[in-house]
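Read through the structure below, which is laid out as structure tokens, and then see the notes.
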Protein chains: 2
Amino acid sequence: MTEKFNSIERCDCNVIHEDIVNQVRDKMPQEESLYDLAELFKVFGDSTRIRILWALHEAEMCVCDIAVLLNMTQSAISHQLRVLKQANLVKNRKEGKVVCYSLVDDHVREIFDQGLIHINEK
Amino acid sequence: MTEKFNSIERCDCNVIHEDIVNQVRDKMPQEESLYDLAELFKVFGDSTRIRILWALHEAEMCVCDIAVLLNMTQSAISHQLRVLKQANLVKNRKEGKVVCYSLVDDHVREIFDQGLIHINEK
DNA sequence: TAGTTATATGAGCATTTATTCAAGTGTTTT
DNA sequence: AAAACACTTGAATAAATGCTCATATAACTA
């Protein structure tokens with residue numbers, strides 16, 4: 001939101017390619033959309049969270065089960081589940097003392113798959 | 001690779017849900033795949049890089065043009081292009097002094113789209 | 001050859017982030 | 001009621017990260 005109008009030096013290219021740059025500028029989505037998109041991918045950009053998401057894609061699980069599965073502390077898992085929930089990727093359900101987490105929808109799987117396609121094609 | 005065998009306390013859940021946890025464990029991809037996947041998404045998880053990728057999806061561009069388009073220094077753009085190249089998302093082509101960058105393939109667009117589907121559905 | 005242009009790179013700095021630790025909440029069990 | 005249990009939360013810390021600044025490189029130009 002804090003648009004900057006600093007002293008980015010222009011070069012000859014900018015003049016030569018002015019039309020191209022302007023065309024691209026017009027086609028770019030609004031700053032906010034791209035920021036949100038980056039925020040979403042940032043959530044996927046951590047191996048702990050990726051592993052949690054993958055696990056939840058297989059089955060609904062409680063915090064302590066995920067902790068044992070990934071061999072990490074409950075606290076660490078709980079912190080990351082919070083991030084995942086804020087990103088609207090997981091939801092939870094209370095069953096007595098236990099809190100069960102699951103995926104909100106199946107987008108996660110599709111995003112995974114796209115990523116894997118890229119990785120497996122190098 | 002450095003597998004940890006620390007003192008993650010087991011709870012009653014782990015015993016009750018032992019079968020589920022083991023099933024999920026068996027289905028989980030190898031640690032390395034998920035790590036690579038996280039690394040890929042980490043690259044997408046920055047708004048500068050997302051904006052560069054989006055721009056390159058519209059047109060092949062040189063470093064200084066991208067810098068002007070995004071109103072950032074050439075140095076900052078160059079650093080990020082390096083990250084994108086290491087992730088095998090962009091390639092470059094030298095034309096005299098000028099270095100032109102473009103997308104390696106169209107996976108980027110597909111990964112974008114999956115992300116946008118999720119964002120637009122809250 | 002000297003100077004300019006376009007880009008790359010390394011060090012430094014400020015910010016973000018993932019985990020740990022300690023303490024707190026709410027539920028169940030004894 | 002007290003203790004145990006599953007989980008959450010906030011502060012602290014170490015590591016990672018993005019940008020800036022100065023400098024280096026490589027190609028073009030005068």
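Excluded from the calculations below are hydrogen atoms, water molecules and symmetry mates; all remaining heavy atoms, backbone and side chain alike, are included. The chains referred to below are lettered A, B, ... by the order of the sequence lines, with proteins before strands, and numbering in each begins at 1. All of these numbers come straight from a predicted model, not from anything done at the bench.
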Inset, instruction - Using whole Å, report how far CG of A:Asn92 lies from C1' of D:dA6. - result: 13 Å
Legend entry - Any B:Tyr101 side-chain N or O less than 4.0 Å from OP1/OP2 of C:dA8: yes
Inset, instruction - Would you kindly give the CD1-to-P distance between B:Ile77 and D:dG18, to the nearest whole Å? - result: 13 Å
Inset, instruction - Side chain of B:Val98 only, please: which of D:dC28, C:dT7, C:dT27 is the nearest? - result: C:dT7
Legend entry - Rounded distance (Å) that lies between atom P of C:dT19 and atom CD1 of A:Ile52: 8 Å
Inset, instruction - Indicate the atoms forming the closest heavy-atom contact of B:Ile50 with B:Phe44, along with that distance. - result: CG1-O, 3.0 Å
Inset, instruction - State plainly whether one hydrophobic cluster holds both A:Val108 and B:Tyr35, where clusters connect Ile, Leu, Val, Met, Phe, Trp and Tyr through side-chain heavy atoms under 4.5 angstrom apart. - result: no
Legend entry - Separation of atom CE in B:Met72 from atom P in C:dT7, rounded to whole Å: 15 Å
Inset, instruction - Decide yes or no, distance alone: a donor-acceptor N/O pair under 3.5 angstrom between the base of C:dC21 and the side-chain of A:Ser75. - result: yes
Inset, instruction - Consider the side chain of B:Ala76, meaning its heavy atoms from C-beta on, and name the nucleotide among C:dA8, D:dT20, D:dG18 that approaches it most closely. - result: D:dT20
Inset, instruction - Could you check which of D:dA6, D:dT20, D:dA27 has an atom nearest any side-chain atom of B:Cys13? - result: D:dA6
Inset, instruction - Have a look at A:Arg49 and say if it touches a base, only the backbone sugar-phosphate, or nothing, with a 4.0 Å heavy-atom cut-off. - result: sugar-phosphate
Legend entry - Separation of C:dT7 P from B:Leu81 CG (nearest whole Å): 10 Å
Inset, instruction - Select one nucleotide: of C:dA18, D:dA26, C:dA8, the one nearest the side-chain heavy atoms of B:Val63. - result: C:dA8
Inset, instruction - Look at A:Thr73 and C:dC21 and indicate whether a side-chain polar atom (N or O) is within less than 4.0 Å of OP1 or OP2. - result: no
Legend entry - From CZ (B:Arg25) to CD1 (B:Ile20), nearest 0.5 Å: 13.0 Å
Inset, instruction - From the options C:dT7, D:dC28, D:dC19, select the nucleotide whose nearest atom is closest to the side chain of B:Val99. - result: C:dT7
Legend entry - Nucleotide nearest B:Cys64 (side chain, heavy atoms from C-beta), chosen from C:dG10, C:dT7, C:dT20: C:dT7
Inset, instruction - Output yes when at least one side-chain N/O atom of A:Gln74 is less than 4.0 Å from OP1 or OP2 of D:dT8, else no. - result: no
Legend entry - Between C1' of C:dT19 and CD1 of A:Ile66, the distance in whole Å: 17 Å
Inset, instruction - Nearest whole angstrom, please: distance from the P of D:dC5 to the CD of A:Glu95. - result: 19 Å
Legend entry - Toward the 5' end of DNA chain C, by each residue's nearest nucleotide, A:Glu39 or A:Arg10: A:Arg10
Legend entry - Residue closer to the 5' end of DNA chain D, B:Cys11 versus B:Arg51 (nearest nucleotide): B:Cys11
Inset, instruction - First locate atom CG of A:Leu70, then atom CD of B:Glu31, and finally report the distance between them rounded to the nearest 0.5 Å. - result: 8.0 Å
Legend entry - Interatomic distance where NE2 belongs to A:His79 and C1' belongs to D:dA14 [whole Å]: 15 Å
Legend entry - Under-4.0 Å side-chain N/O to phosphate OP1/OP2 contact, B:Lys42 with D:dT17: yes
Inset, instruction - Please work out whether the ring planes of A:Trp54 and A:Phe112 are parallel, tilted or perpendicular, with thresholds of 30° and 60°. - result: parallel
Inset, instruction - Among the candidates D:dT8, D:dT20, D:dA6, find the nucleotide nearest to the side-chain atoms of A:Ser78. - result: D:dT8
Legend entry - Proximity to the side chain of A:Lys97 - top-ranked nucleotide from C:dT28, D:dC19, C:dA18: C:dT28
Legend entry - N/O (side chain, B:Arg82) to phosphate O (OP1/OP2, C:dT9) under 4.0 Å: yes
Legend entry - Transitive ILVMFWY side-chain link A:Ile119 to B:Ile111, under 4.5 Å: yes
